[in-house]
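Beneath this line is the structure, given in structure tokens, with notes to follow.
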Protein chains: 2
Amino acid sequence: MITYKKVLQDAGITPSMQRIKILEYLDKNRVHPSADTIYKALKKDMPTLSKTTVYNTLKTLVEHNVLTELSLYDNEIRYEYNQDQHIHFKCIECRKVYDIDKKYKCYKNEIIEGHKVLDHQVILKGVCKHCLEKRKK
Amino acid sequence: MITYKKVLQDAGITPSMQRIKILEYLDKNRVHPSADTIYKALKKDMPTLSKTTVYNTLKTLVEHNVLTELSLYDNEIRYEYNQDQHIHFKCIECRKVYDIDKKYKCYKNEIIEGHKVLDHQVILKGVCKHCLEKRKK
DNA sequence: ATCATTGCAAACACTTTGCATACGC
DNA sequence: GCGTATGCAAAGTGTTTGCAATGAT
């Protein structure tokens with residue numbers, strides 16, 4: 001059984017209560033949350049938690065490749081623990097982000113036109129299933 | 001010959017000096033500028049230009065499909081006039097954005113898992129050619 | 001005269017920074 | 001005890017909003 005503590009240690013990050021809880025939240029709530037969403041959710045059980053700690057932790061986790069940063073037009077960074085290849089669909093009406101299980105030619109770790117690729121993202125923008133339904137009414 | 005005035009009219013936007021200048025800047029400076037970059041560049045020749053107008057105009061142009069919004073990790077929106085299919089490479093060191101001429105299966109205007117796709121973007125993140133060179137030294 | 005566009009200032013939202021306190025080996 | 005992690009407050013940055021002034025037909 002893999003614990004969050006072990007995930008952090010394997011990534012070379014000193015485990016702490018805050019770090020474990022943040023990682024756990026991202027593992028159990030696969031909704032591409034922002035720093036603020038994570039902060040508000042965890043604040044309930046950890047009243048002393050600071051937003052700075054959330055930002056610090058997320059930055060550390062991204063630097064150690066435990067999390068992926070998503071840039072999804074909202075002028076806020078969203079975070080994701082899922083490392084399987086998939087694409088993102090962002091609804092321009094409800095702002096929700098859906099994972100779409102489609103494969104694509106990934107350039108990660110390749111050299112393209114001389115540039116070293118470290119991350120590859122595919123983002124679709126549009127109107128989601130549910131918002132399309134609402135429009136019909 | 002296609003004028004910026006005509007591009008705006010065809011898109012259903014009332015042409016104005018400000019709007020024409022902003023569109024012209026984006027056509028002639030294909031560097032994926034932010035609102036602030038555009039503002040600072042145009043301010044020189046148009047001292048009365050307001051940042052609000054830049055934001056208003058960019059929003060209008062995006063809504064009418066004249067421009068594309070890019071979300072490139074910087075917590076600022078970048079804008080692009082080029083509508084040809086290509087992918088973006090963002091350097092994490094110098095922050096520059098490169099256009100890469102690679103084709104991909106585009107889902108634009110298709111329905112995917114019930115969602116209507118209006119825009120499709122591919123973003124690579126990594127270290128660019130020039131920053132790789134600098135590292136070697 | 002009317003309606004849309006422009007522009008200023010203030011408000012907002014997300015993130016970062018500086019620094020003091022607390023924690024863990 | 002020492003080095004790192006945490007947390008508060010303030011500052012920084014990009015964007016939006018309210019509203020008055022301006023401009024075009």
Side-chain angles (χ1 to χ4, degrees), chain A residues 4-5 7-9 11-25 32-64 66-67 69-79 90 92 95 97, chain B residues 4-5 8-9 11-25 31-64 66-67 69-79 90 92 95 97:
Chain A
Y4 299 115
K5 186 177 167 189
V7 173
L8 293 170
Q9 285 171 335
I13 301 166
T14 314
S16 74
M17 234 272 266
Q18 288 85 343
R19 289 168 172 178
I20 290 169
K21 286 289 183 189
I22 288 168
L23 180 56
E24 181 185 5
Y25 180 85
H32 320 88
S34 65
D36 193 58
T37 306
I38 298 166
Y39 170 72
K40 281 182 181 144
L42 295 182
K43 186 80 176 171
K44 290 170 194 161
D45 288 330
M46 306 169 70
T48 69
L49 180 67
S50 135
K51 216 174 232 185
T52 307
T53 300
V54 176
Y55 279 106
N56 286 340
T57 300
L58 292 170
K59 195 180 177 191
T60 306
L61 292 172
V62 169
E63 279 167 2
H64 290 77
V66 178
L67 300 180
E69 270 185 8
L70 306 179
S71 193
L72 297 167
Y73 302 100
D74 264 336
N75 268 40
E76 65 178 3
I77 300 171
R78 309 284 210 103
Y79 296 87
K90 166 79 176 281
I92 57 173
R95 319 247 92 195
V97 178
Chain B
Y4 299 116
K5 186 174 168 189
L8 292 170
Q9 284 171 335
I13 301 167
T14 313
S16 74
M17 234 272 269
Q18 288 83 343
R19 286 169 173 176
I20 289 169
K21 286 287 183 190
I22 289 168
L23 181 55
E24 181 186 5
Y25 181 85
V31 294
H32 321 87
S34 65
D36 193 57
T37 305
I38 298 167
Y39 170 72
K40 282 183 181 142
L42 296 182
K43 185 81 176 171
K44 291 171 194 161
D45 288 330
M46 307 168 71
T48 68
L49 180 66
S50 135
K51 215 174 232 185
T52 307
T53 300
V54 176
Y55 278 106
N56 286 341
T57 300
L58 292 170
K59 196 180 175 187
T60 306
L61 292 172
V62 168
E63 279 166 2
H64 290 77
V66 178
L67 299 180
E69 270 186 7
L70 306 179
S71 193
L72 296 169
Y73 301 101
D74 263 335
N75 268 45
E76 65 178 2
I77 300 171
R78 310 284 212 103
Y79 296 86
K90 166 78 176 280
I92 56 173
R95 318 246 92 195
V97 178

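Residue numbers begin at 1 in each chain, while the letters A, B, ... track the order of the sequences.
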[X]: side chain to side chain donor-acceptor pair (under 3.5 Å) partners, not counting sequence neighbours:
X: A:T53; result: none
X: B:T37; result: B:S34
X: B:Y4; result: B:D27
X: B:D74; result: B:K90, B:R95

List the residues meeting side chain to side chain contact (heavy atoms under 4.5 Å, CB included) with A:Q9, not counting sequence neighbours, and say none if there are none.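 A:Q9 satisfies side chain to side chain contact (heavy atoms under 4.5 Å, CB included) with A:K5, A:P15 only.
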Side chain to side chain contact (heavy atoms under 4.5 Å, CB included) partners for A:Y79, two or more places apart: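 Applying side chain to side chain contact (heavy atoms under 4.5 Å, CB included) to A:Y79 gives A:L26, A:L58, A:V62, A:L67, A:E69, A:I77.
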Rounded to whole Å, how long is the line connecting atom [atom1] of [X] with atom [atom2] of [N]?
X: A:Y73; N: D:dT15; atom1: OH; atom2: P; answer: 14 Å
X: B:E76; N: D:dT16; atom1: CD; atom2: C1'; answer: 16 Å
X: A:K59; N: D:dT4; atom1: NZ; atom2: P; answer: 16 Å

Terminal axes of the helix from C:dA1-D:dT25 to C:dC25-D:dG1 (five pairs each): angle between them, nearest 10 degrees: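 Roughly 20°, once rounded to the nearest ten degrees.
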Is the shortest heavy-atom distance from the side chain of B:V66 to the side chain of B:T60 under 4.5 Å?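 B:V66 vs B:T60: side chains apart.
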Decide yes or no for B:L23 and B:T57: does some side-chain heavy atom of the first lie under 4.5 Å from some side-chain heavy atom of the second?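 No. Closest side-chain heavy atoms not under 4.5 Å.
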Residues in salt bridge (charged side-chain N to carboxylate O under 4.0 Å, His left out) contact with A:E76, at least two apart in sequence or another chain: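 Only A:R78 meet the salt bridge (charged side-chain N to carboxylate O under 4.0 Å, His left out) criterion with A:E76.
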Indicate whether OP1 or OP2 belonging to D:dT15 is found under 4.0 Å from a side-chain N or O atom of B:Y55.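 Yes, such a contact exists.
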Looking at A:N75, does any N or O in its side chain come under 4.0 Å of the phosphate oxygens OP1/OP2 on D:dT15?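 Indeed, a polar side-chain atom of A:N75 lies that close.
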Could you pull out all donor-acceptor pairs under 3.5 Å where a side-chain atom in residues 39-47 of chain A meets a protein atom, sequence neighbours excluded?
residue	atom	partner	partner atom	Å
A:Y39	OH	A:K43	NZ	3.4
A:K40	NZ	A:D36	OD2	2.7
A:K43	NZ	A:P47	O	2.9
A:K43	NZ	A:L49	O	3.1

What range of DNA chain C does chain B touch, first nucleotide to last, counting atoms under 4.0 Å from its heavy atoms?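 Terminal contacting nucleotides, 5' to 3': C:dT5 to C:dT15.
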If you look only at pairs with a residue in residues 12-24 of chain B, which of them pass as a salt bridge (charged side-chain N to carboxylate O under 4.0 Å, His left out), with sequence neighbours excluded?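 For residues 12-24 of chain B, and leaving out neighbouring residues, the salt bridge (charged side-chain N to carboxylate O under 4.0 Å, His left out) pairs sorted by first residue read B:K21-B:E24, B:E24-B:K28.
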Sort me out a list of protein N/O and nucleotides 5-7 of chain D N/O pairs below 3.5 Å, or just none if empty.
residue	atom	partner	partner atom	Å
D:dA5	OP1	A:R19	NH1	3.1
D:dA5	OP1	A:R19	NH2	3.4
D:dT6	OP1	A:S16	OG	2.5
D:dT6	OP1	A:Q18	OE1	3.1
D:dT6	O3'	A:Q18	NE2	3.2
D:dG7	OP1	A:T48	O	3.0
D:dG7	OP1	A:T48	OG1	3.0
D:dG7	OP2	A:S50	N	3.2
D:dG7	OP2	A:T53	OG1	3.0
D:dG7	O5'	A:T48	O	3.2

Upstream residue (5' side of DNA chain C) when B:K43 and A:A35 are each assigned their closest nucleotide: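 Nearest nucleotide further toward 5': that of B:K43.
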